[in-house]
Amino acid sequence: TMHQNNESESAQEVKVEVVDEKSENMTSIKLAKLKARVAELEDQALRQRAEHENSRKAIYKESDKRVGIAVKKVVTKFLTIMSAFNQGIQSAEQAPDIAGVINGMKMVDSMFTAALTELEVMEINAEPGTPLDPSLHMAISKQESSEHPTNTIVSVVAKGYTYQGLLLQPAMVIVSA
């Protein structure tokens, strides 16, 4: 019986060793599969990051191109006006009377106004008698006035402008005290 016991224990040890070897093989196979999956996912993540970066660069490039086109359009308009202004200066130096100079300045002013309107830059209403709007007007001085209620515009020192509802420059005004 003792011999049978030793054989039985030996058989169990062999079974345990076989099971352990199978378990080790299964574990190493699972580990290899997991490592392969991790490598695959890391590769996918790397590719997605590269794709995202390429898309981002393409968007910025397109945006820069559009801004460049817009700037060129604006600068071209103002270079045309600058040329007219320079011609006006030359004419003014030779003008026999001030009326020609004033007409030339009015022409340049009209060109500026037309260019700004085309670019959707709008002048802020700051007519005398208009109530002061701190979001559009900057009161730089107060003046006594019998014809205007308190805090209404008496006169404009510098025009103000908006672009698509965005304040570019407030109108500088004198208001009634």
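All values derive from a computational prediction rather than experimental measurement.
Taking CD of Glu42 as the start and CZ of Arg47 as the end, the distance is 13.0 Å to the nearest 0.5 Å. Put simply, CE on Met172 and OG on Ser141 are 13.0 Å apart, with the number rounded to the nearest 0.5 Å. Expressed to the nearest 0.5 Å, how far NE2 of His137 lies from OG1 of Thr130 amounts to 6.0 Å. Atoms CD1 and NZ, from Ile81 and Lys77 in turn, are 8.0 Å apart once rounded to the nearest 0.5 Å. Atom CG of Leu31 and atom NZ of Lys33 lie 12.0 Å apart (nearest 0.5 Å). A distance of 13.0 Å separates CD in Glu118 from OG1 in Thr113, rounded to the nearest 0.5 Å.
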Result block: side-chain N/O donor-acceptor pairs under 3.5 angstrom for residues 149-166, not counting sequence neighbours:
residue: Thr152; atom: OG1; partner: Pro149; partner atom: O; Å: 2.7
residue: Thr152; atom: OG1; partner: Ser176; partner atom: OG; Å: 3.3
residue: Gln164; atom: NE2; partner: Glu120; partner atom: OE1; Å: 3.1

Throw together a table of side-chain donor-acceptor distances under 3.5 angstrom for residues 58-68, partners on residues two or more places apart or in other chains.
residue: Glu62; atom: OE2; partner: Arg66; partner atom: NE; Å: 3.2

Side-chain atoms of residues 99-109: list all donor-acceptor pairs with protein atoms under 3.5 Å, sequence neighbours left out, distances to 0.1 Å.
residue: Asn103; atom: ND2; partner: Ala99; partner atom: O; Å: 3.4

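Taken together through direct or relayed side-chain contacts under 4.5 Å among Ile, Leu, Val, Met, Phe, Trp and Tyr, Leu168 and Leu119 form part of one hydrophobic cluster. Clustering ILVMFWY residues whenever any of their side-chain heavy atoms sit less than 4.5 angstrom apart, transitively, puts Leu136 in a cluster other than the one holding Met122.
Counting non-hydrogen atoms of neighbouring residues, nucleotides and ligands closer than 6.0 angstrom, the CZ atom of Phe78 exceeds 12 such neighbours.
Residues Lys142 and Ile174 approach most closely at C-CG2, 4.4 Å, considering heavy atoms.
Using a 4.5 Å heavy-atom threshold, the side chains of Gln143 and Val175 count as separate. Using a 4.5 Å cut-off on side-chain heavy atoms (C-beta onward), Leu167 and Ile124 make contact.
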